[in-house]
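In what follows, a structure is listed as structure tokens, so that the remarks can point back to it.
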Amino acid sequence: MASPPTFRITSGGKDYVERTIGTLTPAFKDDPLYAWLIHQFPVSEHPAVLVKLFHAFFAQGTLNNGIFVEVNDFSCCGLLMPPGTSVENPWTLLQAGLVPALFSIGPGTFKRAIMDYGHRVDPLKHKTFTEQERKSHWYVFIMGTAIDKRRQGLASALIEDLVNRARNDQRPIWLEATTRESLQLYTRHGFKTVGEVVLGKGSVDINGRANKGGSGVTIWSMYWRP
């Protein structure tokens, strides 16, 4: 009889950034949401652009007390924002390098990430959470599994770790699933779907690739309560 898999989970700060980028860049190379964010670039350039984008996003997360969590030597990893923190803090944008990144990645990407994305997702959050919950909830900024390590229970282990954190401090969790596979995964762990959000309609196809008149990409806003 095979013994159950062992999961080693650790967490940290800025010292986890490079390893996290190393895992998530190939994992999100074909993710529809991130493809939409950088669809103005040729597909061949997406991995390099993602590295720059992740550096800026993760620096902003670190400056605002984000927690990087990894499973089995970064086979699966992510960035969690604890209650009372936000990656949208305008006072740390310059220090995080987001402003200089505008010149190498382009303002369009950050407009989509900050304005277009938030404009579509925030109303669902307001509809679902109480005022106190909106001020104090866990947010899964990003999480993913290395391509060659998928379907081994690693993502489930990371989600269970997050759920335990939220249960311990009696706070809800908010996230957006960017693929049907991740939607199904979160649903199995007790997350509820609030609604679908379509982004990039008229400019990209369902995979986030540039396509004038395209149907756009779909993401699913989800929450968990203790």
Side-chain angles (χ1 to χ4, degrees), residues 1-34 47 50-51 53-55 57-58 60-62 64-87 125 128-129 133 136-194 219-226:
M1 182 176 178
S3 55
T6 300
F7 300 112
R8 302 176 306 279
I9 302 176
T10 69
S11 58
K14 63 181 181 180
D15 52 321
Y16 277 44
V17 168
E18 295 300 330
R19 294 289 306 276
T20 300
I21 291 175
T23 295
L24 296 186
T25 297
F28 278 82
K29 179 175 67 68
D30 297 315
D31 182 87
L33 174 66
Y34 281 87
L50 273 180
V51 169
L53 190 63
F54 285 156
H55 268 293
F57 283 166
F58 294 171
Q60 177 75 344
T62 300
N64 288 282
N65 300 313
I67 301 171
F68 291 92
V69 181
E70 65 84 21
V71 185
N72 288 12
D73 196 30
F74 291 87
S75 293
C76 178
C77 52
L79 172 60
L80 313 177
M81 300 305 298
T85 68
S86 174
V87 291
K125 189 182 297 183
T128 306
F129 282 170
E133 287 175 330
S136 186
H137 63 272
W138 287 87
Y139 178 57
V140 182
F141 181 81
I142 191 173
M143 64 166 283
T145 305
I147 295 173
D148 62 340
K149 300 291 185 179
R150 292 175 177 173
R151 302 190 183 282
Q152 298 179 25
L154 296 159
S156 289
L158 194 153
I159 294 171
E160 289 172 9
D161 178 80
L162 169 61
V163 166
N164 286 334
R165 292 171 187 259
R167 184 181 290 113
N168 287 339
D169 62 16
Q170 290 295 292
R171 296 289 190 273
I173 306 169
W174 184 268
L175 57 80
E176 291 88 34
T178 61
T179 64
R180 290 195 177 276
E181 291 79 7
S182 60
L183 171 67
Q184 294 168 0
L185 173 66
Y186 293 126
T187 300
R188 289 199 300 270
H189 286 272
F191 284 78
K192 307 297 183 184
T193 301
V194 179
I219 62 173
W220 295 265
S221 292
M222 308 184 75
Y223 74 95
W224 177 95
R225 277 196 180 99

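The shown structure was predicted, so the numbers you read here are calculated from the model rather than taken from an experiment.
Of all heavy-atom pairs between L24 and M143, the closest is CD2-C, 4.4 Å. Heavy atoms only, all atoms of each residue included: T23 and F74 are closest at OG1-O, 2.7 Å. Between W174 and S221, the shortest heavy-atom distance links the atoms CZ2-CB, 3.5 Å.
Between the CD1 atom in I142 and the CD atom in E176 there is a gap of 11.5 Å [rounded to 0.5 Å]. R151 CZ to S156 OG: the interatomic distance, rounded to the nearest 0.5 Å, is 11.0 Å. Separation of atoms OG1 (T187) and CZ (R180) is listed at 11.0 Å; rounding is to 0.5 Å. Interatomic distance, CD1 of I9 versus CD of E70, reported as 8.5 Å (0.5 Å rounding). If you take CH2 on W138 and CG on L175, they are separated by 13.5 Å, rounding to the nearest 0.5 Å. Rounding to the nearest 0.5 Å gives a distance of 7.0 Å between CZ of R8 and CG of D73.
Using the six-membered ring where Trp is involved, F68 and F58 have ring planes that are perpendicular, over 60° apart on the 30 and 60° scheme. Ring orientation note: the planes of Y223 and F129 are nearly perpendicular, at an angle over 60° on the 30°/60° scale. Relative ring orientation between F141 and Y139 is described as perpendicular, the plane-to-plane angle rising above 60° on a 0-90° scale split at 30° and 60°.
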**Prompt:** Going through the distances and angles, do F7 and N72 end up as a side chain to side chain contact (heavy atoms under 4.5 Å, CB included)?
**Reply:** CA-CA 6 Å; F7 300 112; N72 288 12; 4.1 Å; yes
**Request:** I would like to know whether T10 and Y16 meet side-chain hydrogen bond (donor to acceptor under 3.5 Å, both in side chains); could you show each step before the answer?
**Result:** CA-CA 10 Å; T10 69; Y16 277 44; 2.8 Å; yes
**Message:** Does L79 form a side chain to side chain contact (heavy atoms under 4.5 Å, CB included) with I67? I'd like the steps, not just the answer.
**Reply:** CA-CA 6 Å; L79 172 60; I67 301 171; 5.8 Å; no
**Item:** Steps toward side chain to side chain contact (heavy atoms under 4.5 Å, CB included) verdict (F191, V163)
**Value:** CA-CA 10 Å; F191 284 78; V163 166; 4.3 Å; yes
**Request:** Applying side chain to side chain contact (heavy atoms under 4.5 Å, CB included), run through K125 and H137 and close with a yes or a no.
**Result:** CA-CA 11 Å; K125 189 182 297 183; H137 63 272; 3.9 Å; yes
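Using a 3.5 Å distance cut-off with no hydrogens or angles, the side chains of R167 and N164 do pair a donor with an acceptor. Checked by atom type, the side-chain pair T178/D31 shows a donor-acceptor distance below 3.5 Å. No donor-acceptor contact under 3.5 angstrom links the side chains of T145 and R150, judged on distance only.
A salt bridge does not link R165 to D169: none of the charged side-chain nitrogens sits closer than 4.0 Å to a carboxylate oxygen.
Under the 4.5 Å side-chain criterion, counting only non-hydrogen atoms from C-beta, Y34 is in contact with F54. Residues L80 and V140 have side chains in contact (heavy-atom distance under 4.5 Å, counting atoms from C-beta outward). Side-chain atoms of K192 and M222, non-hydrogen and from C-beta on, never get closer than 4.5 Å to each other.
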